[in-house]
2 protein chains.
Amino acid sequence: MSDVARQAGVSQTTASFVLSGRTDMRISEAAQARVKEAAAALGYRPNVTARSLRTRVTRTIGFVSDAITTTPFAGEVIRGALEVARAHDHLLFIVESEGSADTETALVNALVDRQVDAVVLASMYTRYITPPKDLHGRRVVLLNCLAPGFDAPSVIPDEVEAGRAAGRVLLAAGHRNGIWAIGGHQAIPATPEGTFAGNERMRGLQEVLRQERVVLDGVVECEWNAEDGYRETRALLAAGRRPRALVCSTDRLSFGAYQALAEAGLTVPGDVSAVSFDDQDIASWLRPALTTLALPHYEMGRTAMELLLGGEPLGSAVHRIPMPLRERGSVAAPGR
Amino acid sequence: MSDVARQAGVSQTTASFVLSGRTDMRISEAAQARVKEAAAALGYRPNVTARSLRTRVTRTIGFVSDAITTTPFAGEVIRGALEVARAHDHLLFIVESEGSADTETALVNALVDRQVDAVVLASMYTRYITPPKDLHGRRVVLLNCLAPGFDAPSVIPDEVEAGRAAGRVLLAAGHRNGIWAIGGHQAIPATPEGTFAGNERMRGLQEVLRQERVVLDGVVECEWNAEDGYRETRALLAAGRRPRALVCSTDRLSFGAYQALAEAGLTVPGDVSAVSFDDQDIASWLRPALTTLALPHYEMGRTAMELLLGGEPLGSAVHRIPMPLRERGSVAAPGR
DNA sequence: CTGAAAGCGCTAACAT
DNA sequence: ATGTTAGCGCTTTCAG
C-alpha cells in the first residue's frame, strides 16, 4: 500500500481511505483517481490478515459440523451457508469434529485463535447438544441442533408440521384404515426414547389423524435405512397384514418398502400408498416417484448465515424452517 | 502475550519462544515452566492472525470447488481433505464457484487476499480446466481435473483401470456374448466427444474384451441418470435385444436398468448381470446389491492435501487413484 | 482535504 | 540464556 501511495503521490493514509472505500473522510476526486490508477498499475491487493489485526474483524466464520459426509443433504446446508457468506463477502472455515468432543474443542480453539467473527455449530441430524465452553459469550448459531441453556438461536426443520402434512396427504386421498408407520419414532436400543425428528414427525401425524378419528394400524420402530424398510415391510406382509398406506420416516425406508412390496406382487400406489420424509435423490428416482416432505437443508444453511450476518441481534429463538411437500406419484385412493 | 511474559517475569521474546514451542533458542526449564504456568493461569490463546502477519504463513488452505452439492461424493472428498488438513494443523477455507468463472476469480482473490498458503482446485466430475491467472505461480493442486499447460499436480481416479476391471469381472463370470454398455462415453449433444470418465472407462473395458476376442453387442450413448438407464434398457428390451450383461457407466444407470429389467420380468443376476461405476449409496441398497467400481473420493481428497502438506516439491504429475472393485451380487454366469 | 505517527499481537535479528 | 528493538501491512486518531 505504501508503494501505491508513493506512486500516487499521496500519504498512506489517503491511499488507505480510498482503497478501503471509505467516504466519511472526503478525499479529492483527483487524489482518488490517482490512487486507484496506481493500485491498478501495481496490481495492488490488500492484505486482509493485516487489516484484520488492526480492525479486529476477520470477515471469517467457522462452520463446525459433526459429520459433513454421513448424509447426502449436508452439501445443501453448506451450499446455502456458502451463498449467504459470499453475498456478505465473508469466508467460511469448514471443520468436522467426527462426533468427538475433544476434536470439537480442539477445532473450536483453532477457529477462535484465528479470530473468526462467529461460529455455526451444525449437526447432521436434529438433536440436543452441549456446545464447547470456549464458545460461551461468542456469536454462535446452532444449525439443526438445540442447546436449551445456551444463549444462541437454533435453526431446525419444522418436523411437527411435516408430520401433519403427511397425515393430511393420506386423509385427502381417502385413507382411513390400514395405515402403518414404518420407522416411527426411531425408538431403537441406541435411542430408546426415539429421535427428535422421529418424535416430532409422529406427533404431527397422530395429531392430524386423531382429529379425523383415524387410528394407525401400527407403528414399526426400527432404524431408518433401506434394509430396515425392506425387512419390516416384508415381515408385515408375511404376518398377513395388508397395509393400504405406509408412512415411512425416511425415503430410504420407502425405498426398502418398495422392494418388499414389489416382491409380494403389490403395486404403489394401486395397492399401497406411500408417503415419507427427507426428499433424497432416490425419492424422485423411484417408480412411481415418492411423495415426501423435504428436509429444507439449503434454506437452513441460508437462514443460519443470515442470522449471523443480517445485523440483527442474535437472540436465542428456535427458527423452524418449513418442510415443503413434494407431491409425486406414490399416493392414491385406497386400493380395493 | 506481554501479560503472560510480565506475570512469568520474563521478556516477551522468551514467552514467544516457549509458547510457540521453539527449541532452537534454549530457554531454561525454570523459565519455560513459569511461562506455561502463567499462560494457563491467564487463559492465554495465541492470535494466529498476528502471528501470520509476521511469519507470512497462515496455515490455511483454500479449497475451491465448482459445486460441492451436485454429487453425493463431494462430501467424501472434503472429508478426506479435512482429515489431512487437521493432522497437519491447517484449516480449510471452502468456497464454491457454482461453475462461474467470474465467481471463481472473485473467490480466488478473496482467498489470496487472506494469504492462504495454497489452493486446491476441485471439480466434481473429471475434466480439463483453465485455472484463473491469479493462481499462476502459487502452490496449487488440481483435484479431479487436469490443466496440461499449468504447473500443478493433478489427482484423478484411475478410470482406465476401472474399465478393465469391469471387463474382467464379466469375463471371469463367463460372459462372452450379449454384453451391452449403457451410458457409454456419454457422447451426448452437450458433450459430443464423450466425457473424460466415459472415454477412459470404455477404453479400459474394450481393451480387456478385445484381448479375449469378445465384442460388445452395443454401446448406448445417453446421459448418466436413473431415468436414462430405465428408458434405454426398456428400449433395448422392446427392440427384442436380450442382453446377458450390462456395463452401466454409473450406478444411477444401473438403478434405472434394474427397474426396466424387473418390469420385463427379468432377474439380476439370473437373467442379466450388471456391473457399474461410482459406488453410490444406492449400489448397496439395491437387491441384489451392485457390483461396482468405486470412485475413490475420500482417497482423492487425502492425496491432494498430502501433496500440499507433505513437504515434497509439488511437481506436475498426474496421480491416478485406484478405483476399488466392490464385488456384490449383481454378476453371475450368463443366464440360459 | 491530507499527512505523521501510533499500534493491532506477534516473531526474529541482534545484542548482551 | 534472555532482553531490546524493529517491523509484518494495515487503520485510525489527531494535527494541520
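Just so you know, these numbers come straight off a predicted model, no measurement behind them. So that the names make sense, note that chain A is the first sequence line, chain B the second, and so on, each numbered from 1. Values below: all heavy atoms of this structure, side chains included; hydrogens, waters and symmetry mates excluded.
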Worksheet item: Rounded to whole angstrom units, what separation is found between the CG atom of B/D3 and the P atom of C/dC10?
Response: 10 Å
Worksheet entry | Residue whose closest nucleotide on DNA chain D lies nearer the 5' end, B/R54 versus B/V10 | B/V10
Worksheet item: So, is B/R51 near the phosphate of C/dT11, with a side-chain N or O under 4.0 Å from OP1 or OP2?
Response: yes
Item to complete: Look at the side-chain N and O atoms of B/S16 and state whether any lies under 4.0 Å from the OP1 or OP2 oxygen of C/dA12.
Response: no
Worksheet item: Hey, is the side chain of B/T49 poking within less than 4.0 Å of OP1 or OP2 on C/dG9, counting only N and O atoms?
Response: no
Discussion item. Closest approach to the side chain of B/S11, judged atom by atom: which nucleotide of C/dT11, D/dG3, C/dG9 is it?
Written reply: D/dG3
Worksheet item: So which of A/V84, A/V116, A/L111, A/V120 actually passes side-chain contact (heavy atoms from CB on, under 4.5 Å) with A/I61?
Response: A/V120
Worksheet entry | A/C145, A/P157, A/S154 screened by side-chain contact (heavy atoms from CB on, under 4.5 Å) with A/T126, the one that passes | A/P157
Discussion item. Distance check needed: D/dT12 C1' versus A/L53 CG, whole Å only.
Written reply: 14 Å
Discussion item. If you assign B/T55 and B/A31 each to the DNA chain D nucleotide with the nearest heavy atom, which residue ends up on the more 5' nucleotide?
Written reply: B/A31
Practice prompt. Assign B/T13 to base, sugar-phosphate, or nothing according to its heavy-atom contacts below 4.0 angstrom with the strands shown.
Written response: base
Fill in: Ring-ring centroid check B/F93 A/F93, cutoff 6.0 Å
yes
Worksheet item: Should the pair B/R320-B/E200 be classified as a salt bridge under the 4.0 Å nitrogen-to-oxygen rule?
Response: yes
Worksheet item: Separation of B/R6 atom CZ from D/dG3 atom P, in whole Å?
Response: 14 Å
Worksheet item: Rounded to the nearest Å, what distance is computed from the CD atom of residue A/Q12 to the P atom of nucleotide D/dC8?
Response: 10 Å
Discussion item. Expressed as a whole number of angstroms, how long is the span from B/M1:CE to D/dT4:C1'?
Written reply: 16 Å
Worksheet entry | Check against side-chain hydrogen bond (donor to acceptor under 3.5 Å, both in side chains), B/S97 and B/D66 | CA-CA 5 Å; B/S97 70; B/D66 47 3; over 6 Å; no
Practice prompt. Report which part of the nucleic acid A/V48 touches: base, sugar-phosphate, or nothing (heavy-atom distance under 4.0 Å, all strands).
Written response: nothing
Discussion item. Within the 4.0 Å heavy-atom criterion, would you say A/T14 contacts the bases, only the backbone, or no part of the nucleic acid?
Written reply: sugar-phosphate
Item to complete: Check the distance between C/dC10's C1' and B/R56's CZ and give it to me in whole angstrom.
Response: 14 Å
Discussion item. Distance check needed: D/dG9 P versus B/R114 CZ, whole Å only.
Written reply: 18 Å
Worksheet entry | Interatomic distance, A/L19 CG vs D/dG9 C1' [rounded to whole Å] | 12 Å
